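Here the structure is a predicted model, which means the values were calculated and not measured. Protein chains get the first letters and strands the later ones, always in sequence-line order, with residue 1 at the start of each.
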There are 2 protein chains.
Amino acid sequence: MPDSKPKPAEAPAKILRRSSLPTLADVAREAGVSKMAASSALNGGQNSARVSAETRERVLAAAQRLQYRPNANALALTSRRTNAIGFITTLMGKDPNAYFLEVFGGVIQGAMATQQTTAVFTLSSWDEAPTRIPALCDGRVDGLIVLAPRLEDDGQAWLPQHTPMVSVHASGSWRAGGVNFETDDEAGAYEMVRQMFALGHRRILHVGGPAGYPSADSRANGYLRAHADAGVALPPDHVLRVPFTTEGGREAMQAWLQRHRGQPLPEAVFGGSDAIAIGCMEALVARGLNVPRDISVVGFDHTLLARTLQMAAVRQPLHEMGHQAVEVLVQLIEASRRDEAYAGPSNIVLLPETVAGRTLTEARQAPLLIS
Amino acid sequence: MPDSKPKPAEAPAKILRRSSLPTLADVAREAGVSKMAASSALNGGQNSARVSAETRERVLAAAQRLQYRPNANALALTSRRTNAIGFITTLMGKDPNAYFLEVFGGVIQGAMATQQTTAVFTLSSWDEAPTRIPALCDGRVDGLIVLAPRLEDDGQAWLPQHTPMVSVHASGSWRAGGVNFETDDEAGAYEMVRQMFALGHRRILHVGGPAGYPSADSRANGYLRAHADAGVALPPDHVLRVPFTTEGGREAMQAWLQRHRGQPLPEAVFGGSDAIAIGCMEALVARGLNVPRDISVVGFDHTLLARTLQMAAVRQPLHEMGHQAVEVLVQLIEASRRDEAYAGPSNIVLLPETVAGRTLTEARQAPLLIS
DNA sequence: GTGAAAGCGCTAACAC
DNA sequence: GTGTTAGCGCTTTCAC
């Protein structure tokens, strides 16, 4: 074997690096053995009879010296697996959103647990999905997790059939991909309102998310059903639908208070999301009201925002969803690799739970009037 | 052209996929041409004379039919570039943190701008760095961004020399990697306190981060220097050092108020981070005080939390740091590829700015007493 | 205009 | 125990 290749000079102090990673061939040369010997010395078990202890020693030393790492791409090419999963989401504008963060945390954790790495791919809009998603199914990851896709069609026509996929909160028709995770929003809202009734609240203002969003609609439905089941009459103009933002909640609340001056203040506000609830709180506080002494406020999702404020809220198990999504995805990947069908359910519904917080207390006895 | 290949039956309800991606060979076979012809038909410009228009047509159609995508690993192996960057951070416990989210948003954006994808790697502690980071330098990414590394040594001994690296807020000695980004915390704190003085505040309580953290120390120093420069005497017991958490701020604030009962309430609180400031606000509000009517509160970082609450704060340009980190990393990668030295500075200091918010107003005239 | 061959870095399957 | 070969999917020579 020709040994003419010049040994790389010691890297100077400036930021100048070898342009390429050391290869197995480098290690073998350094150790004076064949690539094969080097490979088995590095991979074989401690007691593999493949190489002599002396050779292994030399190879290991050489690898160490060169800071050798087997090339991930070569490995992936041969083994047909990357041990990486992709996480697709729409870009959170300049402002990151807490919802993404929660699920992402779960994904990261799930990935760690299953020894995978996570690659994040962002779309600027779901309109890009039909072109961008297929492009990501090129062997760079073993499978994909798609966060809250919102599409016109069901993806049957353009979704590659060869990359396992799990969606979280897929809306509408998207189901072609594989397994989907969702939350029983209706039940969560129902339970929260039920508990608020138990605390003596009767006039609960619902400031929900935009009409047309499945999750927002479900939450509003749960709110309504709780009233019906409890036999509590719904006061007029007590369901608002606003964008899923702090501003949405704040402005709607301000306008509502303005509109209902002189009338009794509701005992509580049920926000359609944490952000909405926070916006409502701000409007209430700005008006000199005290939460929860004068009025209770609860949110939905119980994201970082709610936790930081110790706000009562319906908790969506976002973290768990991310975590479980990875686990299911890994099963899909395994099944796919063996050309087997995946046996589990294709739609997994997780249950939300209510979380107490400083913003929700018993309803006050004497009703206040809106000033 | 053999058309005998069984058309994949309409995917049954069960989730069963081809275990492998279609390859160039598949496309060539489907189109009845050689791999070579297929390759040039797919890659050559529209008017490349390499293949006939008719052949190109056939190949393109076949590729479409098979949903063919060139294998990313094979490409990476040949081209020695993955167009991916890695982002290394310590795992945010179960609770994700807003700091990470900000920087990450910038990284994602920078990656989109430079057509890179981002892989996220999490360590459970920086102790793992010497073993885990080298393992990530295996060609799976073209370079690495390391978020807030906190290490004993400088990494010289174990950091691979062959993977370009950029750090953000590297603490202490880590500098071996390449370029580092940091914020001038001292200047940010100084400026904020100066502005508070201008609003009439004189007794400002600083609830800072833990002693020993460079950023926390710098902020405290800025606070002190502002006092010195303005000739404002520092009241006793007006600098606290607590963990960078809401609880840290809340508990410290509670205890402090308890400790100083009957004494005049400070006109303002300067939190060492957003979370700390929020904790302080909670403690103040719990005591029946109104922010900012009775007392102003400002934070540091101006993360999502601060923005949501419209809290005044020193804004660290975290998003920009992430974004710029990618840009610099790409330059390092390019330099490395050409075996050139990187010319730019190895430490980049960004300036923070103050952001107004609802929690900071002019100091009240009549001092309150702590009840 | 088209095809065959070599090689990217690696491992599994065979010689010796 | 050690070396050689082939092949993962692709592109880049180089022949035809």
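Rounding to whole angstrom units, CG of residue A:L75 and C1' of C:dC10 are separated by 7 Å. Remark: P of D:dC8 and CG of B:D26 are 11 Å apart, rounded to the nearest angstrom. Rounded to an integer number of Å, the gap from B:R81 CZ to C:dG9 P is 16 Å. Rounded to a whole Å, the CG atom of B:N73 is 14 Å from the P atom of C:dT11. Distance A:E54 CD to D:dG1 C1': 12 Å, rounded to the nearest Å. Put simply, CZ on A:R56 is 14 Å from C1' on D:dT2, counting in whole angstrom units.
Across D:dC8, D:dT11, D:dT4, the shortest atom-to-atom separation from the side chain of A:T78 is found for D:dC8. Here the side chain of B:R80 is nearest to one of C:dC8, D:dG1, C:dG3, namely C:dC8. The side chain of A:S34 sits closest to D:dG3 out of C:dG1, D:dG1, D:dG3. Checking D:dT4, C:dG3, C:dG9 against the side-chain heavy atoms of B:M36 singles out C:dG3 as nearest. With D:dG9, D:dT2, C:dG9 as the choices, the nucleotide that has an atom nearest any side-chain atom of A:S52 turns out to be D:dT2.
Within 3.5 Å, no donor on the side chain of B:T55 pairs with an acceptor on the base of C:dG1, nor the reverse.
When the side-chain nitrogen and oxygen atoms of B:S39 are compared with OP1 and OP2 of D:dC10, none of them lie within a distance under 4.0 Å.
Residue contacts for A:L24: at a heavy-atom cut-off of 4.0 Å it reaches a base atom on one of the strands shown.
The salt bridge (Lys or Arg N to Asp or Glu O under 4.0 Å) test with B:E30 is passed by exactly one of B:K35, B:R65, B:R58: B:R65.
A donor and an acceptor atom, one from each side chain of A:N83 and A:R81, are located under 3.5 Å apart.
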Check: B:Y342 and B:Q331: side chain to side chain contact (heavy atoms under 4.5 Å, CB included), yes or no, with the steps?
Finding: CA-CA 8 Å; B:Y342 170 72; B:Q331 291 177 34; 3.5 Å; yes
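Counting heavy atoms from C-beta on, the side chains of B:T114 and B:V326 come closer than 4.5 Å. Looking only at side-chain heavy atoms (C-beta outward), B:F181 and B:S167 stay at 4.5 Å or farther from each other.
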